[in-house]
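Okay, structure first, notes after.
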Protein chains: 2
Amino acid sequence: MQMSVATARNYVPESPRRTAQVIPAAHRFAAPDVSGLAGVVLHYARGTEIVAEEDPAEYIYQVVEGTVRSCKLLSDGRRQIGAFAMAGDYFGLEARATHGYAAEAITDVTLRLINRNAAFTAAGQDPAIARTLWEVTAKGLDASQRHALLLGRKTALEKIGSFLQEMAERQGCDAEVELPMSRQDIADYLGLTIETVSRTMTQLESAGTICLETSRHVLLRRPSELARLSLC
Amino acid sequence: MQMSVATARNYVPESPRRTAQVIPAAHRFAAPDVSGLAGVVLHYARGTEIVAEEDPAEYIYQVVEGTVRSCKLLSDGRRQIGAFAMAGDYFGLEARATHGYAAEAITDVTLRLINRNAAFTAAGQDPAIARTLWEVTAKGLDASQRHALLLGRKTALEKIGSFLQEMAERQGCDAEVELPMSRQDIADYLGLTIETVSRTMTQLESAGTICLETSRHVLLRRPSELARLSLC
DNA sequence: CGCAGTATTGATAGTTCTCAAAACGGGTGG
DNA sequence: CCACCCGTTTTGAGAACTATCAATACTGCG
């Protein structure tokens with residue numbers, strides 16, 4: 001009755017690789033935000049699956065450079081991207097001992113891997129670390145709830161507006177945005193189809209709100225209009 | 001262009017009261033799960049607003065009895081319920097110093113209030129408490145991400161199926177569910193309208209999957225069918 | 001230059017929403 | 001105990017937004 005096999009087109013065929021390049025020990029460093037926790041820095045090529053859904057959660061990841069998508073799949077291939085992790089963001093820190101979502105490199109990425117058990121042990125000895133782990137998780141929860149509002153109650157136009165504004169904010173520029181992800185990624189993040197994303201972008205351009213320099217490079221002509229669209 | 005004033009019908013007119021009844025000190029107790037943290041137990045009448053969006057986050061709440069909805073509003077009244085908190089569940093534990101969502105009593109509820117600062121202080125001294133605070137938050141994050149998948153990628157039928165199954169699981173019974181919330185609450189939780197919720201329920205009943213004893217009391221005739229619908 | 005993947009645009013269908021009205025249920029007061 | 005009221009739920013008819021199917025442009029790259 002519903003979209004059975006049809007929507008399987010949301011499935012992204014790229015079969016992700018799973019090879020990481022080990023970086024020399026000299027490059028290891030302790031992040032400023034999780035003081036006391038050292039981490040190994042690794043590189044992953046664009047398209048690589050960093051963790052798969054249900055993988056044992058061995059590490060907590062912090063993005064040093066690049067963009068990572070975390071996503072969940074439905075059995076028929078429909079995909080929902082829960083978040084994009086960019087420089088400074090963490091992912092992979094979860095309640096259960098297995099990952100609840102997959103994480104894939106959208107661009108070439110540099111990640112700092114922190115052993116989960118080591119982190120918990122350190123948190124048990126240093127309240128500051130415990131507090132940081134909690135804050136990282138709590139901020140993720142806040143973002144996820146804001147995202148739920150978008151998914152459940154916003155129109156396509158409002159979703160795209162919110163998305164562009166979010167990306168602009170995260171890049172610290174309110175006049176210009178560089179999108180590291182494909183239209184399919186945006187669609188799966190916003191709960192839309194790739195066609196609707198494309199059409200809505202075009203619609204915003206026709207209205208003079210944005211200008212699509214290229215499909216991945218967007219000028220925000222009227223940020224106030226985007227703010228009005230995102231509605232909160 | 002989009003739903004402007006129209007969707008304001010999602011707004012729930014009940015103006016929530018904000019009075020709680022103080023329970024005698026004899027009823028205070030330390031919860032088993034956050035050992036070491038005492039809390040004041042309060043009662044809130046059905047319909048009461050327990051915390052408002054942007055209220056200063058003074059307390060962490062644990063539901064002793066009853067059901068609470070946590071929700072966010074869009075400026076035009078569209079509402080998204082992020083979660084239903086039922087016996088044992090926590091809410092109000094957030095990254096920022098203000099609440100990111102409102103919490104309202106769906107039924108008469110009994111809550112245990114834990115002072116936020118006290119909790120953080122205790123967490124700084126007792127790693128077990130710190131760990132528990134983190135776990136509560138992490139589980140909320142996991143639930144929110146699963147919910148995002150539902151909101152972004154499931155059909156109305158799948159949403160209702162998932163919802164009934166979730167409620168059945170939380171009530172520890174796979175043959176029968178008591179719904180403490182209205183159709184409007186269900187709609188705002190699933191990102192649907194009240195009419196679609198009603199129609200879909202009827203559709204499931206016609207198909208013999210469920211039986212609506214009353215609108216709030218549902219018999220699950222074919223749990224396996226519901227499981228198939230929830231798709232994960 | 002041509003290929004392959006990605007993005008845009010077009011035409012149409014369909015699920016869900018909107019507007020509207022009727023049915024239901026619970027509580028109250030006579 | 002029953003009629004009445006009010007809020008909730010269900011049902012109906014039609015519109016609208018977004019998805020689907022399909023074809024055409026792009027873009028980066030070998």
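No hydrogens, no waters, no symmetry mates; every other heavy atom, side chains included, goes into these values. Numbered from 1 within each chain, the chains take letters A, B, ... in sequence-line order.
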Original post:
Are A:L111 and A:Y59 side-chain neighbours, meaning at least one heavy-atom pair lies under 4.5 Å?
Top reply: no
Subject >> Separation of A:K72 NZ from B:L149 CG (nearest 0.5 Å) >> reply: 6.5 Å
**OP:** Check the distance between C:dT16's P and B:I160's CD1 and give it to me in whole angstrom.
**Re:** 10 Å
Subject >> Distance, nearest 0.5 Å, that separates SG of B:C173 from CD of B:E178 >> reply: 10.5 Å
For residues 208-216 of chain B, tabulate all N or O donor-acceptor pairs below 3.5 Å that involve a side-chain atom, not counting sequence neighbours.
from: B:T214; atom 1: OG1; to: B:R216; atom 2: N; distance (Å): 3.2
from: B:T214; atom 1: OG1; to: B:H217; atom 2: N; distance (Å): 3.2
from: B:R216; atom 1: NH1; to: B:P180; atom 2: O; distance (Å): 3.0

Original post:
For the atom pair OG1 (B:T110) and CG (B:L42), what is the distance rounded to the nearest 0.5 Å?
Top reply: 9.5 Å
Subject >> Interatomic distance where CD belongs to A:E213 and C1' belongs to D:dT27 [whole Å] >> reply: 16 Å
Subject >> Pairs flagged by salt bridge (charged side-chain N to carboxylate O under 4.0 Å, His left out) wherever residues 220-232 of chain B is involved - sequence neighbours left out >> reply: B:E225-B:R228
Original post:
In whole angstrom, what separates B:H217's NE2 from C:dG25's C1'?
Top reply: 16 Å
Anything under 3.5 Å between a protein N or O and an N or O of nucleotides 5-7 of chain D, put it in a table, one pair a line.
none

Original post:
Rounded to whole angstrom units, what separation is found between the CD1 atom of A:I106 and the P atom of C:dT6?
Top reply: 13 Å
Original post:
C:dT6 phosphate, OP1 or OP2: any side-chain N/O from A:R216 under 4.0 angstrom?
Top reply: no
Original post:
Given atom CE of B:M181 and atom C1' of D:dT8, what is their separation to the nearest angstrom?
Top reply: 16 Å
**OP:** Working to the nearest 0.5 Å, report the span between OG1 of B:T107 and CD of B:E65.
**Re:** 8.0 Å
Original post:
What's the CZ-C1' distance between B:R78 and D:dC17, to the nearest Å?
Top reply: 13 Å
**OP:** Hey, could you give me the CZ/CG distance between A:F163 and A:L179, rounded to the nearest 0.5 Å?
**Re:** 5.0 Å
Check the interface with nucleotides 8-10 of chain C: list each N/O to N/O pair with the protein under 3.5 Å, or write none.
from: C:dT8; atom 1: OP1; to: A:R183; atom 2: NH2; distance (Å): 3.1
from: C:dT8; atom 1: OP2; to: A:R183; atom 2: NE; distance (Å): 2.7
from: C:dT8; atom 1: OP2; to: A:S198; atom 2: OG; distance (Å): 2.8
from: C:dT8; atom 1: O5'; to: A:S198; atom 2: OG; distance (Å): 2.9
from: C:dT9; atom 1: OP2; to: A:T202; atom 2: OG1; distance (Å): 2.5
from: C:dG10; atom 1: N7; to: A:R199; atom 2: NH1; distance (Å): 2.8
from: C:dG10; atom 1: O6; to: A:R199; atom 2: NH2; distance (Å): 3.2

Original post:
Closest approach of A:Y189 and A:Q80, non-hydrogen atoms and distance?
Top reply: O-NE2, 3.1 Å
Subject >> Residue among B:T196, B:V197, B:D188, B:T193 satisfying side chain to side chain contact (heavy atoms under 4.5 Å, CB included) with B:R183 >> reply: B:V197
**OP:** Just report the end-to-end axis angle for the helix from C:dC1-D:dG30 to C:dG30-D:dC1, five pairs per end, to 10 degrees.
**Re:** 30°
Subject >> Rounded distance (Å) that lies between atom C1' of C:dT15 and atom CG of B:L157 >> reply: 12 Å
Subject >> For A:E166, all residues meeting salt bridge (Lys or Arg N to Asp or Glu O under 4.0 Å), sequence neighbours excluded >> reply: A:R170
Original post:
D:dT20 P sits how many Å from A:D76 CG, rounded?
Top reply: 10 Å
